[in-house]
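Comments concern the structure below.
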Amino acid sequence: MRIPTRKKPEVLSPAGNLRGLKTAVDYGADAVYCGGKAFGMRSAPKNLSLEDFEEGSRYAHERGARVYVTCNVLPRNNEIEAMREYIGQLKDTGVDALIVSDIGVMMMARQVAPNLELHVSTQAGVTNYQAANAFYELGARRVVLAREMDLQAVRDIRANIPDDLDIECFVHGAMCMAFSGRCLFSNYLTGRDGNHGECAQSCRWKYSIVEEKRPGQYFPIEQTENGAYLFNSQDMNMLGHLDDLIDSGATSLKIEGRAKSAYYIAAMTNAYKTAVNEYMIQRGFEDADGNILLPFHDRVIRPSDPDYGQGTEDQVMRNADAAFAGVADEGYDRAIATSDAPEPDGMSSHARSTRRKSNTAVEQIETDWKHAAVRPAPHVELPEWLLEETDKVAHRDYSTGFYYPERKVTQNTDRSAYFRSWLVVGEVLSWSADEGGRVTLMSRNKIEPGQQVEFLLPGERPLACIVPEDGLRDADGTPVPVINNPAHVFSMPCPHQVPINAAIRSRTKKPTLKAE
């Protein structure tokens, strides 16, 4: 059994193992993407065996979700036949789609596994509708756009491709400093090939310079005693802007993080799924119970629409292409002037002109090109508790990536660590109505009386409660003053029913900067 393509926005979650896949599905993912033991772009996670794919696909399909497998490495000559055999094995596991970046692998997959959908990875660098249409003609049913695209580019692609060609866009997680992830930096410095899933994230290391005649003396590149992290890009967070992205034609909303924990997968999947549900309700497509009121459709005005070319220009269109090729510097300055944002890089117009020679007015070719407009609609308002969810997982400084050129992603030049202000303190093993309600948990960190904790619940606001003064017990039922032994079983009073495997979290006493 395979699940057909959704007719409304898809929340696509990562999984580095079978548990992560099931967690994503449990917390509302419409689809999960994961890698096998070979040919995926993330080798750090354990990834899934063929048996895991079979079990995971059954689990997902029984709950209405789909499973996509990454085969998006850039293969070498000696890997071709092995990849052919691997795709032949995958086709019988029940998975729904293959994510590919190499055109030869795409053609191979059409021959070997014609029953599987083909999704073109962001590694392929799709930046325009012509490329998207070409992949469609070759059999692709989805393109994952290059992360360098702004919102107007998403709209323009959507307006000029078939409606049954999905557009997948990243919405949350780590950004890559290289063009759509194609990078040799790690390979050059460590021998670990980023295009084969072994990236050492060398771009996030601290760098200094050494003057030739003073060996051994290291000078920070910026004037700080901590050195400089030259290429350490911020994380993406589009939770509060999903309406702009969905209105602009994004079909699938992709959360990055196959190397992340089950808690991270659960929290971010739940947040983005809840946000999409709010979008569907506030845009009038569904009622609060999920019943369909209107067929879903994005708000992009296509060339075939009667009102094409008559759409109202908005802030996104005014700022279109301001960060990349497409406007002269005076256009860039005009775009900045229409927004409340400060100069993003502090550079003068002359300096920017020098930097972007290909963008000068003289070199631009006049055309009758028109950007695709979007039918206006009120902003979708999300509850404050939902917007706070992204701060309850470890993260770097957030940005909206490249979607809004007037506030583009930058680098954290003073650090590479993650912010962590919340901590997972336990996981629910079971709940019983006995004694007014008790939860049995596997401890992860200290839990003590008077501490406020939250239970992460699928599809709901997290359940907050105060740990009672009495009632903490160990696995034998013996009362204990605190829960302070990680990886041990305890129980505590909890009058509200909570699901198995729900994470229990608590705010840290002092926010920390540490690796995930």
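Position 1 is the first residue of the sequence; numbering continues from there.
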Least distance between heavy atoms, Leu239 atom then Leu382 atom: O-CD1, 3.3 Å
Exceeds 12 heavy-atom contacts within 6.0 angstrom, atom CZ of Arg141: yes
N-O pairing of Glu55 and Arg58 below 4.0 Å: no
cation_pi(Lys8, Phe285) dist<6.0 Å, angle<=45: no
Minimal non-hydrogen separation, Glu460 against Trp385, with atom names: O-CH2, 3.7 Å
Ser491 side-chain N/O to Thr440 backbone N/O, donor-acceptor pair under 3.5 Å: no
Asp247: which of Arg158, Arg155, Arg283, Arg299 passes side chain to side chain donor-acceptor pair (under 3.5 Å): Arg283
Proximity of Tyr403 and His241 rings by center, below 6.0 Å: no
Over 12 non-hydrogen atoms of neighbours within 6.0 angstrom of CG in Leu293: yes
Approximate separation, where rounding is to 0.5 Å, of Tyr27 OH and Asn501 CG: 7.5 Å
Flag, side chain of Ser101 to backbone of Ala124, donor-acceptor distance under 3.5 Å: no
Glu256/Arg147 salt bridge by N-O under 4.0 Å criterion: no
Heavy-atom closest contact (Arg258 atom, Asn47 atom, distance): NH1-OD1, 4.1 Å
Backbone of Glu117 reached by a side-chain donor or acceptor of Arg142 within 3.5 Å: no
Exam field: side chain Glu286 to backbone Met280, donor-acceptor pair closer than 3.5 Å: no
Within 6.0 angstrom of Asp470 CG, more than 12 heavy atoms from elsewhere: no
Within 6.0 Å of CZ in Arg63, more than 12 heavy atoms from elsewhere: yes
Between Thr274 and Asn277, a side-chain donor and acceptor under 3.5 Å: no
Salt-bridge present (Asp30, Lys273; N to O < 4.0 Å): yes
Leu12 side, atom CG; Ile255 side, atom CD1 - distance, nearest 0.5 Å: 8.0 Å
Whether over 12 other heavy atoms sit under 6.0 Å from Ile292 CD1: no
4.5 Å side-chain heavy-atom contact, Arg505 and Val453: no
Over all atoms of both residues, closest heavy-atom pair of Cys34 and Ala15: CB-O, 3.3 Å
Distance-only polar pair, side chains of His119 and Asp166, donor-acceptor under 3.5 Å: no
Check: Asp52 and Asn17 side chains under 4.5 Å, non-hydrogen atoms: no
Residues Tyr398, His172; criterion ring pair (Phe, Tyr, Trp, His ring centres under 6.0 Å); working and verdict: CA-CA 9 Å; Tyr398 281 132; His172 198 91; 5.4 Å; yes
Side-chain touch Leu151/Leu245, heavy atoms, less than 4.5 angstrom: yes
Below 3.5 Å, can you tabulate the donor-acceptor pairs from side chains in residues 477-486 to any protein atom, sequence neighbours excluded?
none

